[in-house]
Amino acid sequence: QVQLVESGGGLVQAGGSLRLSCAASGRTFSMYTMGWFRQAPGKERESVAAISKSGTSTYYADSVKGRFTISRDNAKNTVYLQMNSLKPEDTAVYYCAADYRGSVATMTRTGYDNDYWGQGTQVTVSS
C-alpha cells in the first residue's frame with residue numbers, strides 16, 4: 001500500500017511559479033512510475049507529466065512542455081512538479097499518482113487506471 005500526499009498548491013498570478021511536492025509512504029517508492037495529473041472544473045482529468053522509476057525518462061503534455069519540470073528524489077520518497085510561467089488555464093486540482101507496472105507512456109494514457117492516487121492540491125492562477 002502506498003499513500004500519496006500532495007502539497008505546494010496555492011494562488012499565484014499569471015507568469016508566476018509554484019513547486020508541487022508529492023510525498024509517498026513506504027520503502028518501495030523507487031519501484032513506482034510517478035505522474036502528475038490535473039482536473040479543471042467541468043473538464044476531464046488529464047495527464048501533465050510522468051517520470052520513470054529511475055528518473056531517466058519523462059513525459060510532458062504538450063500544454064506544459066518548456067514550462068513544467070518533473071523530478072523525483074527516491075531517497076526522500078518524493079516527486080516534484082516545478083511549474084513556471086503559469087497561465088490561467090493551468091488552474092486545476094493537481095493529483096499525484098503512482099503505478100507499479102506502467103511506464104511513463106502507459107500511466108499517462110487516457111483511461112489507464114493507476115495504482116495509487118493522492119487527494120490533490122488546488123492550483124489557481126489569476127490573470
Side-chain angles (χ1 to χ4, degrees):
Q1 188 77 8
V2 175
Q3 291 185 326
L4 304 174
V5 179
E6 302 97 335
S7 62
L11 174 64
V12 64
Q13 288 188 334
S17 298
L18 283 174
R19 188 196 197 200
L20 304 183
S21 299
C22 173
S25 64
R27 293 179 287 182
T28 59
F29 178 74
S30 62
M31 298 175 69
Y32 289 86
T33 304
M34 301 298 297
W36 286 96
F37 298 75
R38 66 187 182 187
Q39 187 166 20
K43 295 187 177 181
E44 293 188 352
R45 186 174 62 201
E46 62 177 357
S47 59
V48 175
I51 189 166
S52 62
K53 300 170 185 180
S54 64
T56 56
S57 179
T58 56
Y59 159 89
Y60 294 96
D62 288 342
S63 59
V64 306
K65 281 181 182 177
R67 301 188 297 122
F68 290 10
T69 302
I70 189 171
S71 61
R72 67 188 296 163
D73 186 336
N74 286 345
K76 294 183 178 180
N77 283 13
T78 303
V79 62
Y80 305 96
L81 185 68
Q82 178 67 44
M83 305 186 295
N84 298 329
S85 301
L86 282 161
K87 304 175 181 180
E89 51 263 44
D90 294 318
T91 295
V93 178
Y94 283 70
Y95 298 92
C96 172
D99 197 79
Y100 182 76
R101 289 174 297 276
S103 65
V104 295
T106 54
M107 81 172 304
T108 55
R109 190 176 300 160
T110 301
Y112 184 82
D113 189 15
N114 290 293
D115 293 332
Y116 302 103
W117 292 88
Q119 293 189 326
T121 186
Q122 176 70 46
V123 172
T124 303
V125 184
S126 63
S127 57

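On a predicted model such as this, the values are computed, not experimentally measured, just so you know.
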For the residue pair [X] and [Y], establish whether any side-chain heavy-atom pair is separated by less than 4.5 Å.
| X | Y | result |
| --- | --- | --- |
| Phe29 | Lys76 | no |
| Asp90 | Met83 | no |
| Ser30 | Lys53 | no |
| Gln122 | Thr91 | yes |
| Asp73 | Tyr80 | yes |
| Ser63 | Arg38 | yes |
| Thr33 | Val104 | yes |
| Leu20 | Thr121 | yes |

For a quick test of reading the model, state the closest non-hydrogen atom pair linking [X] to [Y] and the distance between them.
| X | Y | value |
| --- | --- | --- |
| Ser17 | Gln82 | CB-NE2, 4.0 Å |
| Ala40 | Ala92 | N-CB, 3.8 Å |
| Ser127 | Pro88 | CB-CG, 3.8 Å |
| Tyr32 | Tyr100 | CD2-N, 3.5 Å |

Please report the interatomic distance [atom1]([X]) to [atom2]([Y]), rounded to the nearest 0.5 Å.
| X | Y | atom1 | atom2 | result |
| --- | --- | --- | --- | --- |
| Glu44 | Phe37 | CD | CZ | 13.5 Å |
| Tyr94 | Cys22 | OH | SG | 15.0 Å |
| Arg72 | Ser54 | CZ | OG | 8.0 Å |
| Met31 | Asp99 | CE | CG | 12.5 Å |
| Glu6 | Leu81 | CD | CG | 11.0 Å |
| Tyr112 | Thr106 | OH | OG1 | 4.5 Å |

Point to revise | Same cluster (ILVMFWY, side-chain, under 4.5 Å), Val2 and Met34 | key: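 Yes, same cluster.
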Point to revise | side-chain contact (heavy atoms from CB on, under 4.5 Å), paired with Val123, selected from Val93, Leu18, Leu11 | key: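 By the side-chain contact (heavy atoms from CB on, under 4.5 Å) criterion, Val123 pairs with just one of Val93, Leu18, Leu11: Leu18.
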Review point. Hey, which of Leu4, Asn74, Ile51 is the one that makes side-chain contact (heavy atoms from CB on, under 4.5 Å) with Val79?
Key: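 Among Leu4, Asn74, Ile51, the one meeting side-chain contact (heavy atoms from CB on, under 4.5 Å) with Val79 is Ile51.
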Review point. Under 6.0 Å from the CD atom of Gln39, do we count more than 12 heavy atoms belonging to anything else shown?
Key: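 Yes, the 6.0 Å shell around CD holds more than 12 heavy atoms from other groups.
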Review point. Within a reach of under 6.0 Å around CD of Glu89, are more than 12 heavy atoms found that belong to other residues, nucleotides or ligands?
Key: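 It does: Glu89 CD has more than 12 such atoms within range.
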Review point. Does Asp62 pair with Lys65 as a salt bridge, N-O distance under 4.0 Å?
Key: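 Between Lys65 and Asp62 there is a salt bridge, with a charged N closer than 4.0 Å to a carboxylate O.
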Check your understanding: Counting only N and O atoms by type, is there a donor-acceptor contact under 3.5 Å from the side chain of Ser25 to the main-chain atoms of Gln3?
Key ->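 A pair under 3.5 Å: yes.
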**Study point:** Donor-acceptor pair, side chain of Tyr60 and main chain of Ile70, under 3.5 angstrom
**Key:**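 It does hold such a pair.
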Practice item. Could you please spell out the steps behind the ring pair (Phe, Tyr, Trp, His ring centres under 6.0 Å) verdict for Trp36 and Phe68? Key: CA-CA 11 Å; Trp36 286 96; Phe68 290 10; 10.0 Å; no
